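Since this is a predicted model, take the numbers as computed values, not measurements. Per chain, numbering begins at 1; letters A, B, ... match sequence-line order.
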Amino acid sequence: MSTARLVPVERAFFEQPVVALARALLGALLVRRIGGAQLVGRIVETEAYGGEGIDPSAHSFRGPTPRCEVMFGPAGRAYVYTTHQGRCCLNVTATGDGGGKAVLLRALEPWHGAERMHAHRIEGLADGPTRARLLARGGRDPQLASGPSRLCQCLAVDRALNGVALTDPRSALFIAAPPRGVADVSALWTPRIGLNPGSASFGWRWRALDGGSPAVSGPRRPAGAGPAPQPRQCPAPRGRRAGTR
DNA sequence: CTCACGATCAGCT
DNA sequence: GCTGATCGTGAGG
């Protein structure tokens, strides 16, 4: 598919409630310009983080710190932080109300430039079964960017991109609307991944995923429950609930 | 396939 | 000093 005319969505798109933005980002394209190449992935999994005083699992819960101050700025910026072993995670700031809200991008379907993403992904991987498997599958692996840090590896996203405006046409990283003619996705909602079980927000179903995508990381539905209802504080789901594949 | 373990370190208290 | 918005490995079904 042609990617020549991809342009960033405007800032107003990001100025909506964070859970709604998590939903709206499903199916959108994440575009990375690097070294003259354009890498594109379709967003298939997101998580909302509710901000200061609201969501104990958010970095911003206790107010701004040097690490998370970008979360308190305008909507539509990249918040990139480092986690275990120097890996990174990419968030999109939401709402623009100064409350520290953001959406974590957890998985992409490679859409354009998969070979380049694959090269970025295996760069620096130690010899072992994982590297061997990735080498064997090449750029065709649908799970190449399945996971928040894998996503960043594929697109070469690191702290250098922290704070960049995803709405800027000249940006090295931006969000583009889903191409016309591509079917809208229906969202499934589950609890978020990797949170402290003691957290008050542990069970909130603020993880949105495209149940039809092979690129989704982790479980497709909450253990012991059917397709999840919409989380609280959020308008009714637009799409029908997804099939069970 | 599903677990559990821990590497290794920035960020925070 | 302690804690992870993770991932790769290895053991077991």
Side-chain angles (χ1 to χ4, degrees), chain A residues 18-19 21-22 25 30 43-52 54-72 77-94 99-108 117-118 120-137 141-163 189-209 214-224 231 245:
Chain A
V18 65
V19 176
L21 181 61
L25 283 166
L30 179 63
I43 298 168
V44 297
E45 183 184 352
T46 62
E47 285 177 356
Y49 282 87
E52 182 175 11
I54 295 172
D55 179 4
S57 296
H59 290 166
S60 53
F61 181 61
R62 298 184 184 188
T65 67
R67 173 175 61 162
C68 72
E69 68 175 335
V70 170
M71 292 180 80
F72 291 85
R77 309 291 255 270
Y79 167 48
V80 183
Y81 71 91
T82 61
T83 179
H84 301 68
Q85 299 185 192
R87 290 185 264 253
C88 291
C89 295
L90 170 64
N91 298 252
V92 174
T93 60
K101 301 174 176 70
V103 175
L104 172 70
L105 304 186
R106 286 196 56 93
L108 299 178
M117 293 185 200
H118 176 256
H120 283 137
R121 173 83 170 88
I122 64 178
E123 194 176 46
L125 254 190
D127 275 347
T130 299
R131 183 183 174 89
R133 177 179 57 80
L134 290 176
L135 278 170
R137 301 218 61 178
D141 187 354
Q143 306 216 102
L144 209 50
S146 179
S149 295
R150 293 170 182 168
L151 179 159
C152 288
Q153 288 169 15
C154 283
L155 298 194
V157 169
D158 61 21
R159 289 298 308 266
L161 291 171
N162 188 43
W189 295 91
T190 81
R192 295 170 292 180
I193 303 291
L195 302 190
N196 184 333
S199 165
S201 59
F202 178 69
W204 298 0
R205 291 196 280 261
W206 280 12
R207 169 173 174 250
L209 61 93
V216 168
S217 73
R220 286 161 192 271
R221 50 174 68 205
R245 321 169 34 80

Heavy atoms from C-beta onward define the side chain here; which of [options] lies closest to that of [X]?
X         : options                 : answer
Pro129(A) : dT6(C), dT9(C), dG8(C)  : dT9(C)
Arg150(A) : dA5(C), dC12(B), dC7(C) : dC7(C)
Arg62(A)  : dG8(C), dA5(C), dT13(B) : dT13(B)
Thr83(A)  : dG8(C), dG11(B), dT6(C) : dT6(C)
His59(A)  : dG8(C), dC7(C), dA5(C)  : dA5(C)
Thr82(A)  : dA10(B), dG8(C), dT6(C) : dA10(B)
Thr130(A) : dT9(C), dC7(C), dA5(C)  : dT9(C)
Tyr81(A)  : dG4(C), dA5(C), dG11(B) : dA5(C)
Ala58(A)  : dA7(B), dA5(C), dG11(B) : dA5(C)
His84(A)  : dG8(C), dG4(C), dA5(C)  : dG4(C)

Glu52(A) bridged to Arg62(A) by N-O distance under 4.0 Å: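 Not counted as a salt bridge, because no side-chain N and carboxylate O are separated by less than 4.0 Å.
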Side-chain ion pair, Asp55(A) and Arg192(A), N-O less than 4.0 Å: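 Salt bridge between Asp55(A) and Arg192(A), a charged N being under 4.0 Å from a carboxylate O: yes.
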If you count heavy atoms of other groups shown closer than 6.0 angstrom to CZ of Arg159(A), is the number above 12?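 Enclosed: over 12 neighbouring heavy atoms sit under 6.0 Å from CZ of Arg159(A).
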What integer distance in Å separates [X]:[atom1] from [N]:[atom2]?
X         : N      : atom1 : atom2 : value
Asn162(A) : dA5(C) : CG    : P     : 16 Å
Phe202(A) : dA5(C) : CZ    : C1'   : 13 Å
Arg133(A) : dG8(C) : CZ    : C1'   : 10 Å
Phe61(A)  : dA5(C) : CZ    : P     : 14 Å
Asn91(A)  : dA5(C) : CG    : C1'   : 7 Å
Leu144(A) : dC7(C) : CG    : P     : 13 Å
Arg192(A) : dT6(C) : CZ    : C1'   : 16 Å
Ile193(A) : dC3(B) : CD1   : P     : 13 Å

Over all strands shown, is [X] touching base, sugar-phosphate only, or nothing at heavy-atom distances under 4.0 angstrom?
X         : result
Arg159(A) : sugar-phosphate
Leu104(A) : base
Gly86(A)  : nothing
Ser149(A) : sugar-phosphate
Glu47(A)  : nothing
Asn196(A) : sugar-phosphate

How far does CZ of Arg207(A) sit from CG of Leu104(A), to the nearest 0.5 angstrom?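 One gets 10.5 Å once the value is rounded to the nearest 0.5 Å.
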Give each stem of DNA chain B as a range with a range, requiring at least 3 consecutive Watson-Crick or G-U wobble pairs whose two distances are under 3.5 Å.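 Expected stems, ordered by start: B:1-7 with C:6-12, B:9-12 with C:1-4.
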Going by the side chain to side chain donor-acceptor pair (under 3.5 Å) test, name the single residue among Arg121(A), Glu123(A), His120(A) that passes it with Gln153(A).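 The residue from Arg121(A), Glu123(A), His120(A) that satisfies side chain to side chain donor-acceptor pair (under 3.5 Å) with Gln153(A) turns out to be Arg121(A).
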Has Arg87(A) got a side-chain N or O lying under 4.0 Å from the OP1 or OP2 atom of dC9(B)?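 For dC9(B), neither OP1 nor OP2 has a side-chain N or O of Arg87(A) closer than 4.0 Å.
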Is the phosphate of dG8(C), meaning OP1 or OP2, less than 4.0 Å from a side-chain N or O of Arg121(A)?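 Looking at the OP1 and OP2 atoms of dG8(C), one of them is under 4.0 Å from a side-chain N or O of Arg121(A).
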5'-most contact on DNA chain C: Arg131(A) or Gly194(A), nearest heavy atom basis?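 Looking at the nearest nucleotide for each, Gly194(A) comes out on the 5' side.
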Please confirm whether Arg67(A) makes a cation-pi placement over Tyr79(A), using NZ or CZ under 6.0 Å from the six-membered ring centre and within 45° of the ring normal.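 Ring-cation test returns no.
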With a 3.5 Å cut-off and no angle check, do the side chains of Arg77(A) and Thr93(A) form a donor-acceptor pair?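 Not at all, the side chains of Arg77(A) and Thr93(A) share no donor-acceptor pair under 3.5 Å.
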Side chains of Thr190(A) and Arg205(A): do they bring a donor and an acceptor to under 3.5 Å?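 No, no side-chain donor-acceptor pair sits under 3.5 Å.
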Assert yes or no for the condition that the ring centre distance of Tyr49(A) to His59(A) is strictly below 6.0 Å.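 Aromatic pair excluded; centres sit 6.0 Å or further apart.
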